[in-house]
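I have placed the structure first, in the form of structure tokens, so that the comments after it can refer back to it.
We name chains A, B, ... by the order of the sequence lines, and we start the count at 1 in each one.
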Number of protein chains: 2
Amino acid sequence: MATGRTHRPATRSRGIPEATVARLPLYLRALTALSERSVPTVSSEELAAAAGVNSAKLRKDFSYLGSYGTRGVGYDVEYLVYQISRELGLTQDWPVVIVGIGNLGAALANYGGFASRGFRVAALIDADPAMAGKPVAGIPVQHTDELEQIIRDNGVSIGVIATPAGAAQQVCDRLVAAGVTSILNFAPTVLTVPDGVDVRKVDLSIELQILAFHEQRKAGEETGQTGPGSTPPAPPARSAGVAAERKGPDGDVPAVMPA
Amino acid sequence: MATGRTHRPATRSRGIPEATVARLPLYLRALTALSERSVPTVSSEELAAAAGVNSAKLRKDFSYLGSYGTRGVGYDVEYLVYQISRELGLTQDWPVVIVGIGNLGAALANYGGFASRGFRVAALIDADPAMAGKPVAGIPVQHTDELEQIIRDNGVSIGVIATPAGAAQQVCDRLVAAGVTSILNFAPTVLTVPDGVDVRKVDLSIELQILAFHEQRKAGEETGQTGPGSTPPAPPARSAGVAAERKGPDGDVPAVMPA
DNA sequence: CCATCTTTGTGCACGCGTTCACAAAGACAT
DNA sequence: ATGTCTTTGTGAACGCGTGCACAAAGATGG
């Protein structure tokens, strides 16, 4: 999962736990599927199964939104779709800009799921002058110089960063300065933002590494390898300043995704 | 963040907390950057700042791996890079297959960060016969029919699913049956897998919806809107079976990403 | 060899999130 | 109207994760 930045002390206002907010889109997706099949009501058990969670957890989640269920029957699908949509702020239009139209940025721009949920790609922005004017997913790419103008003219509050790692912080700063207060970051960097700005990150490399950890653990349990008796590979060796070079193909990946 | 599936009772064997494992790649990235700059040692304070976490948290995380620091000095960068790499299983080669070579799948295939960390794209697989043989990122796409063969021949244990939602579960089942035990899912569906198989998901739509929630909350706090006095939009109305149709552009997105 | 200073490693407390288990609420049949 | 049956909503207990704060460990200088 893309993880948010340092958790704030939980959502203050109406006090909906962060963990619950993260699951609401899951419920919404399952409910939408039911709605399309014209299913009128659904029990917490069924819906929980569809969303892949515990039914008690689902009921508690819904309890934060209010008492929208009917005991002995379940939840009214259409009503719940509306309530969750409203709670998530999907009943309004969210203009979004995507910065960095490389492989990934282009794939995101072509993603059809934006429009279906209140998100609208207001502009595509790239630093390469050669890209300017070139249409991607039917939208002409604009140059970075116009970033501030675009943000203000369209009232954009959500920005997607799909640039190389080296450019991400700078782009982020400009987005924030222009008024963006929510950022979805695909670049493999830790972004620093002022209070009041939310950052969520999606990082392919991290996800793979987490999988590798568990994969290794599975393999190790079988063979008894990797156990407490693995060879200590040489202590710090605080002597010569060896191992200095190492070109490192990482650190500033040219175009696409998390490193 | 892409979230894992139902947490197991924490990592049993050596007892490294799941939350710690998720941060190790972050530390590793920061350490690699330091290593490339030939920085010999780093304090928990500095490294924590670079990784965007609390220093106490970082020290506790490292304490699960062992006592690799020197009091009064800090941590030996090279040594720590090695230890974390080993712990994450990055000292070995992980062949990976990508299934579903649409916009996103192609972008992932072109991602240069795979090779740099022990991950190697062993094959690209797509259901479209027209794609077969066509090279993407220098690798010829193979047809789904050969999936099992490819998995077994290459000893693949990690699979990436970038297919439309409708095909994801079926692809997943085949991957698992063929021996894959870790899956990174980009399709907007809840995958059901047997015990012992790890699934992590990356879902653009969910991330955006979470941002929208916070965004709405910020706006609501300013104007006092969305407060406890919002208009109740009509109770369940459990009468006519209205609201039946609604084509729904969702549910089976053609090619790219989470819906 | 001793004093001082820096930085790690961790005991402890607190808060969030999950899960169980059950009482209350409503539907439905008689 | 009453009883039964289903399913919600939630009180309470537990466990994980976080962060504080400090003692122990080692470096460094005299």
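- At a cut-off of 3.5 angstrom, counting only N and O atoms as typed in the model, there is a donor on one side and an acceptor on the other between the side-chain of B:Lys60 and the base of D:dG19.
- Comment: A:Asp198 does not engage B:Arg217 in a salt bridge, judged by the lack of any side-chain N to carboxylate O separation of less than 4.0 angstrom.
- Each of C:dT8, D:dA27, D:dG9 was ranked by its minimum atom distance to the side chain of A:Ser63; first place goes to D:dG9.
- Atom CZ in A:Arg23 sits about 8 Å away from atom P in C:dT19, given to the nearest Å.
- In this structure, CG of A:Leu58 is placed 9 Å from P of D:dT8, rounded to the nearest angstrom.
- Distance, B:Glu45 CD to D:dC20 P: 11 Å, rounded to whole Å.
- When the side-chain nitrogen and oxygen atoms of A:Asn54 are compared with OP1 and OP2 of C:dG17, none of them lie within a distance under 4.0 Å.
- Following rounding to the nearest Å, A:Leu80 (CG) and D:dT8 (C1') show an atom-to-atom distance of 13 Å.
- Atom P of nucleotide C:dA25 and atom OH of A:Tyr75 are separated by 16 Å, given to the nearest angstrom.
- Between the base of D:dT7 and the side chain of A:Arg71 there is no donor-acceptor pair shorter than 3.5 Å.
- Between the side chains of A:Arg86 and A:Thr91, no donor-acceptor pair of N or O atoms lies under 3.5 Å.
- Position along DNA chain C of the nearest nucleotide to B:Gly72 versus A:Arg59 favours B:Gly72 as the more 5'-ward residue.
- Closest to the side chain of B:Glu18, out of D:dA27, D:dG17, C:dG17, is D:dG17.
- Put simply, B:Ser44 has a side-chain N or O that comes within less than 4.0 Å of OP1 or OP2 on C:dT8.
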side-chain hydrogen bond (donor to acceptor under 3.5 Å, both in side chains) evaluation trace for B:Thr20 with B:Asp61 | CA-CA 6 Å; B:Thr20 295; B:Asp61 283 342; 2.6 Å; yes
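- The distance from atom OH of B:Tyr64 to atom P of D:dC16 is 10 Å, rounded to the nearest whole Å.
- The distance between the ring centers of A:Tyr68 and A:Tyr75 does not fall below 6.0 angstrom.
- Distance CG (A:Asp61) to C1' (C:dC16): 13 Å, rounded to an integer number of Å.
- Taking only side-chain atoms of A:Ser67, from C-beta outward, the nucleotide of D:dG9, C:dT18, C:dA21 with the closest atom is D:dG9.
- One interatomic measurement links the two molecules: CG of B:Asp76 to P of D:dA27, which rounds to 13 Å at whole-angstrom precision.
- Heavy-atom contacts from other residues, nucleotides or ligands closer than 6.0 Å to CD of B:Gln92 number more than 12.
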